[in-house]
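Below: one structure, written as structure tokens.
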2 protein chains.
Amino acid sequence: MTDGEDAAGPDLPERRRGSGVRVVHESLRDEILDLTLPPGSPIDEVELAERFGMSRTPIREALIRLAGEGLVETLPNRSAMVARIDFLNLHHFFDAITLMYRLTNRLAAMNRSDAALARIRAAQADYAAAVAAQDALTMIAANRSFHAAIAEAGGNPYYTQFFLRVLDEGRRLLRLYYQSFDDRLPQEYVGEHDAIIAAIAAGDVEESDRLGRAHADQIVRQIRALLARERRDDPPL
Amino acid sequence: MTDGEDAAGPDLPERRRGSGVRVVHESLRDEILDLTLPPGSPIDEVELAERFGMSRTPIREALIRLAGEGLVETLPNRSAMVARIDFLNLHHFFDAITLMYRLTNRLAAMNRSDAALARIRAAQADYAAAVAAQDALTMIAANRSFHAAIAEAGGNPYYTQFFLRVLDEGRRLLRLYYQSFDDRLPQEYVGEHDAIIAAIAAGDVEESDRLGRAHADQIVRQIRALLARERRDDPPL
DNA sequence: TGTATTTTATTTGTCGACAAGAAAATCGCC
DNA sequence: GGCGATTTTCTTGTCGACAAATAAAATACA
């Protein structure tokens with residue numbers, strides 16, 4: 001046995017030099033997007049260092065990266081915190097994601113390739129499977145992958161990167177939404193996604209645009225309804 | 001005298017705790033955007049630490065932030081380098097900046113306020129002064145501030161942030177462009193900017209859009225011409 | 001002489017420690 | 001008892017050092 005180290009700690013695997021930051025970044029990122037770490041909650045560097053079994057340095061670098069992605073807020077000489085969701089300015093988010101749905105769909109319909117279409121369909125298969133299994137977290141992640149694949153098919157890395165950022169913001173809102181329904185998932189989106197794939201595969205730019213807008217409207221309407229309901233019950237977060 | 005420290009080093013001012021990262025970040029950022037640090041050049045952490053009179057830790061954090069902004073590329077266990085300019089895929093950049101010129105102009109025309117208009121006009125005054133003084137670096141920075149102010153007037157922070165990123169990429173290309181003309185600056189853009197201000201102030205959305213597109217086309221045409229010329233002479237960078 | 005291999009040197013990634021700053025707790029005073 | 005000043009505790013920002021990984025140089029060999 002090689003793991004005869006500290007009696008208390010769960011033996012953490014030897015990691016390759018340089019991989020620490022990546023692990024922490026991805027772990028925290030997922031936890032933030034899944035709302036495992038609630039918006040506004042403080043982030044203690046020492047606590048994370050102990051949890052991941054490394055010093056504060058790589059933790060710190062991961063936090064800086066997350067701050068650059070807008071997932072973490074930092075104040076000088078104060079604890080960092082999980083980025084809050086600005087419920088008062090959600091309409092800006094809705095504007096942006098609607099535009100990007102339309103734009104990425106349009107570009108994908110123009111520039112699609114067989115390989116890109118295959119990736120889109122693969123993501124959609126994951127998505128459908130997650131919905132069938134009523135697995136909200138997997139579904140939300142697959143939804144992001146689906147739209148990310150469409151953006152990739154469009155070919156413009158500037159748009160793709162921006163869209164990913166907006167989609168991640170949306171992941172937190174979607175999680176909030178499905179939490180409020182005990183994570184029961186509707187089938188209807190699977191059909192909408194299939195329609196988008198068909199339009200892109202056919203190279204129908206205008207139809208892809210129209211479906212992108214409809215998809216965005218659908219999501220915006222739901223989240224708005226959720227917020228209105230929450231506001232009646234108790235203040236959000 | 002309090003500065004009786006190292007005989008060699010230019011005495012570096014005492015800095016407040018936490019300000020180190022900001023100083024390094026802003027300094028390097030400006031040097032990268034002004035092409036003082038040429039694309040692709042390696043970045044030595046120790047060298048920077050000596051230059052800024054601090055340890056490697058804050059240097060490193062600044063580099064991570066710059067990498068998040070796409071201004072620095074990092075390879076594992078290898079020196080970081082100033083982000084290269086991908087000349088083969090410039091059309092994606094041109095697409096993105098054209099869209100954002102139009103979009104920010106439109107939104108500014110819709111949502112303008114007196115305060116925002118004042119900021120736009122102030123940036124334009126700086127721009128005109130720099131052109132009159134034939135100061136290329138100041139002009140390029142002021143051009144960025146001008147369009148950033150328009151984006152701010154539009155009110156959507158998602159668009160503003162994305163636009164800033166694209167504009168920064170453009171700053172490097174503009175610098176390249178004016179370097180090739182020995183930094184002699186044309187007057188024509190001052191007029192174009194004035195026209196954009198007028199359209200926004202009048203709330204004329206379609207005209208703002210049209211001017212944004214024309215402005216983008218102008219810049220795209222120039223940079224394309226520069227690249228075609230460079231390609232004839234010698235390979236770019 | 002050219003190529004493969006070992007050795008050296010340079011540069012990064014990580015660590016533990018210390019000090020500055022802020023929040024919390026304690027104390028003194030009215 | 002309430003409020004302000006002081007002390008304490010806690011967390012971050014910075015540092016110097018060490019080890020791993022890579023690049024460069026030197027060496028061995030065909």
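Note that the coordinates shown come from a computational prediction; the quantities given were computed from them, not determined experimentally. Letters A, B, ... mirror the listed sequences (proteins, then strands); counts begin at 1.
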Inset, instruction - Kindly say if R17(A) contacts the phosphate of dA19(D), meaning a side-chain N or O under 4.0 Å from OP1 or OP2. - result: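 No, no such contact exists.
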Inset, instruction - Using a cut-off of strictly less than 4.0 Å, decide whether T57(A) has a side-chain nitrogen or oxygen near OP1 or OP2 of dT14(C). - result: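 No, no such contact exists.
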Inset, instruction - Report yes if the side chains of R119(B) and D114(B) come closer than 4.5 Å at any heavy-atom pair, otherwise no. - result: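 Not touching, per the 4.5 Å side-chain cut-off.
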Inset, instruction - Flag the pair V72(A) / M81(A) as yes when at least one side-chain heavy-atom distance between them is below 4.5 Å, and no otherwise. - result: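 No, every pair of side-chain atoms sits at 4.5 Å or beyond.
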Legend entry - D44(A) vs S55(B), nearer the 5' end of DNA chain D by closest nucleotide: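 It is D44(A), whose closest nucleotide lies nearer the 5' terminus.
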Starting at atom [atom1] of [X], determine the distance to atom [atom2] of [N], rounded to an integer number of angstrom.
X	N	atom1	atom2	answer
L63(B)	dT11(C)	CG	P	15 Å
M54(B)	dG16(D)	CE	C1'	16 Å
E50(B)	dC15(D)	CD	P	13 Å
E47(B)	dT12(C)	CD	P	10 Å
L75(A)	dG21(C)	CG	C1'	14 Å
R16(B)	dG21(C)	CZ	C1'	12 Å

Inset, instruction - Using only heavy-atom distances, determine whether the side chains of H193(A) and N143(A) contain a donor-acceptor pair under 3.5 Å. - result: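 Yes - a donor-acceptor pair under 3.5 Å links their side chains.
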Legend entry - Residue met sooner reading DNA chain C from 5', once N77(A) and S79(B) are mapped to nucleotides: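 Looking at the nearest nucleotide for each, S79(B) comes out on the 5' side.
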Inset, instruction - Using heavy atoms to find the nearest nucleotide of DNA chain C for I43(B) and P76(A) separately, return the residue whose nucleotide is more 5′. - result: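 Closer to the 5' end of DNA chain C: I43(B).
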Legend entry - R56(A) side chain, from C-beta outward: closest of dC15(C), dT22(D), dA17(C):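 The listed nucleotide nearest to R56(A)'s side chain is dA17(C).
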Legend entry - Sugar-phosphate only, base, or nothing, as touched by E61(A) at under 4.0 Å among non-hydrogen atoms: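 If one applies the 4.0 Å heavy-atom cut-off, E61(A) turns out to touch nothing in the nucleic acid.
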Legend entry - Identified ring pair (Phe, Tyr, Trp, His ring centres under 6.0 Å) counterpart of H147(B) within the set Y127(B), Y159(B), Y101(B):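 Of the listed residues Y127(B), Y159(B), Y101(B), the ring pair (Phe, Tyr, Trp, His ring centres under 6.0 Å) partner of H147(B) is Y101(B).
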